[in-house]
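Note that the structure is predicted; figures quoted are calculated from it, not measured.
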Amino acid sequence: MSVTYAQVEEAALSFPGASKYIMHGYPAWRIGKKFFTWVRPEENALIFHVGSIDERDALIDSDPDLFHITPHYRDHAIVLIRLAHADMTLVRAALERRFRAVATKKLLAEYAAR
């Protein structure tokens, strides 16, 4: 199992309203004007917003080779998904969950109509 940056980018840009921009000198994606996700280059890991720090910690406990955090994310409900250990089913599910959290009603309706 392994997911490439190109696969993440293709999946991220497949959502209605998605666009690429530069954040902290690196490519990232947004939905409309809201932050969607990015691949943290130092770890080749996808940023995945979760519901709570407890959920994040449970994911890390369940598979520490796949999920981790850095000190920067310690106080946030965010987990990093190591792309070298991920598959596209997981990445797509993470992106869809984030999309549903940040998309407008119009974009959600467009997505549902696909």
Next on the checklist: Quick one, Met23 with Phe35, criterion side chain to side chain contact (heavy atoms under 4.5 Å, CB included). Give me CA distance, side-chain angles, the key distance, then yes/no.
Outcome noted: CA-CA 10 Å; Met23 181 180 79; Phe35 174 77; 3.7 Å; yes
Checklist entry - Passes side chain to side chain contact (heavy atoms under 4.5 Å, CB included), Leu46 versus Trp38? Steps please. => result CA-CA 6 Å; Leu46 179 70; Trp38 74 307; over 6 Å; no
Checklist entry - Could you go step by step and tell me if Val79 and His68 meet the side chain to side chain contact (heavy atoms under 4.5 Å, CB included) rule? => result CA-CA 6 Å; Val79 68; His68 74 290; 6.0 Å; no
Checklist entry - Checking side chain to side chain contact (heavy atoms under 4.5 Å, CB included) for the pair Leu107/Phe99: CA distance, chi angles, key distance, verdict? => result CA-CA 9 Å; Leu107 292 175; Phe99 172 78; 4.1 Å; yes
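Between Arg30 and Phe36, the shortest heavy-atom contact is CA-CB, 3.6 Å. The minimum heavy-atom distance linking Ala11 with Leu95 is given by the pair CB-CD1, 3.7 Å. Scanning both residues, Gln7 and Ser2, for their nearest heavy atoms gives OE1-O, 4.0 Å. Across all their heavy atoms, Ala86 and Val91 have their closest contact at CB-CG2, 4.1 Å. The shortest non-hydrogen separation linking Arg74 to Ile53 is O-CD1, 4.3 Å. Scanning both residues, Arg100 and Leu108, for their nearest heavy atoms gives CA-CD2, 3.8 Å.
Side-chain contact between Glu96 and Tyr111 is present, with heavy atoms from C-beta onward closer than 4.5 Å. A 4.5 Å side-chain heavy-atom check between Ile78 and Ile69 finds every atom pair outside the cut-off. Contact check for Leu59 versus Val50: side-chain heavy atoms found under the 4.5 Å cut-off. Looking only at side-chain heavy atoms (C-beta outward), Phe48 and Thr37 stay at 4.5 Å or farther from each other. A 4.5 Å side-chain heavy-atom check between Ile47 and Arg40 finds at least one atom pair inside the cut-off.
One finds the CG atom of Asn44 at 12.0 Å from the CD1 atom of Ile81 (value rounded to the nearest 0.5 Å).
Cation-pi geometry between Arg92 and Phe15 is met: under 6.0 angstrom from the ring centre, within 45 degrees of the axis.
Ring pair Tyr5/Trp29: centre-to-centre distance below 6.0 Å. For His49 and Tyr73, the distance between ring centers is not under 6.0 angstrom.
For the residue pair Ser52 and Glu55, no side-chain donor N or O sits within less than 3.5 Å of a side-chain acceptor on the partner.
Ionic pairing of Lys20 and Glu9 is present here: one or more N-O contacts between side-chain nitrogen and carboxylate oxygen are shorter than 4.0 angstrom. For the pair Glu110 and Lys106, the salt-bridge criterion is not met [side-chain N within less than 4.0 Å of a carboxylate O].
Under the 3.5 Å distance criterion, the side-chain polar atoms of Arg82 are left unmatched by any main-chain donor or acceptor of Glu43.
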